[in-house]
Amino acid sequence: MSIVPRIAALNEEMTAWRRDIHAHPELGFEERRTADLVAVRLAEFGIEVHRGIGRTGVVGVLRAGSSSRSVGLRADMDALPIQEANRFAHRSENDGRMHACGHDGHTTMLLGAAKYLAETRSFDGTVHFIFQPAEEGIGGAKAMVEDGLFKRFHCDAVFGMHNRPGMPLGKFAVRSGAMMAGGAFFDIDIEGRGAHGARPEAGVDSVLVAAHVTAALQSIVSRNVRPVDTAVVSVTQIHGGNAYNVIPQNVRLSGTARAFSNEVMDLIGRNIARVAAGVASGFGATAKTDFRPIFAPLVNDPQEADFAAGICAEIVGAEGVRRDPALIMASEDFSFMLNEVPGCYINIGNGDGEGACEVHNPSYDFNDAALPYGASFFARLVEKRLAK
Ligand SMILES: [Zn+2]
Ligand SMILES: [Zn+2]
């Protein structure tokens, strides 16, 4: 019940990798230096390397023994378009780019586990180290899946991890079933009939229609979604008109929806289109809805969640593992991998003192003291899952 001793010994090396990646952040699908660094390290460890999967994604393949069992471990590599406010030596050298979500730490923890597993090979089967591009809302996981990730690299199960600021160091959180919301974006194009602002009777006022549609959409969560299901519909943009005395012909409403199952997300999409079209037609206007799911809801397989929680407990003790953390309204595109292969996504504490700065904040930094915990999780998981 502790950190893997050999991984504890890699701490200084892992910290150096992490700070190097932190100093050189790259946006989604532009992770060339990061992917190079990952590929070079994996090859050094003696791991077979495949490049260019989902554009800048990298997969490492490590086999031991003769079993056909396999497991996938995934880390994300991309940074955010944020100007870093930190002044420490490893701060971002790329203007307007920053590792503000800790993906530098995730990549490093998986590299640390890869180094250890390649040295020790104390398992029987195949490990796939999946280094994913573009997690931050631009479809990296989907790109890898569509590029044949799981057809080329069969995985019986797949596991991922994200740091959580505010949760103490050396703690893990695992949730069975739905854990993070799915997210969709929508646009509603309302068309009335343009007219002079002083002669409304000559037109159909698209601004008034947009106001009624916006209000009516708030009935979807309260009247169409079951009260026991959690969901959000937010209209976040209204665009229309550019003069004081013109009733505009067109107005566009845009927004986002969140839900914890594909069924609820589909229901919201259908209802947005119906309500918008119905309200608009009542005023003599039309409304066309474009509803686009961006993230699937993240749903952990109950059996794999149990398994992952057991591994966490081996490292930090049962009291260090939260089994019923609250649902998270944010989204995560590892959900697209979990749609293909059963598995589990867990949270690792980034600290409640120094590591408590929220992700996506210009002062955030991944806590290097968490590296041995996460790398030990991946390493122990493989040794147990593919036990000799
Ligand atoms: Zn993020
Ligand atoms: Zn993230």
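Each ligand, and each atom within it, is numbered from 1 in the order the structure gives.
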How far apart are the C-alpha atoms of Arg55 and Asp147, what are their side-chain angles, what is the distance that settles it, and do they pass the salt bridge (charged side-chain N to carboxylate O under 4.0 Å, His left out) test?
CA-CA 9 Å; Arg55 293 160 71 177; Asp147 216 356; over 6 Å; no
Please indicate whether Glu44 has more than 12 foreign heavy atoms, meaning atoms of other residues, nucleotides or ligands, lying under 6.0 Å from its CD.
yes
One thing to verify: whether Glu93 and Arg33 come together as a salt bridge, which I'm taking to mean a side-chain N less than 4.0 angstrom from a carboxylate O.
no
Over 60° means perpendicular and under 30° means parallel, so tell me whether [X] and [Y] are parallel, tilted or perpendicular.
X	Y	result
His128	Phe153	perpendicular
His22	His90	perpendicular
Phe45	Trp17	tilted

May I ask you to determine how many protein N/O/S atoms are under 2.8 Å from the Zn ion (ligand 2)?
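For the Zn ion (ligand 2), protein nitrogen, oxygen or sulfur atoms under 2.8 Å: 3.
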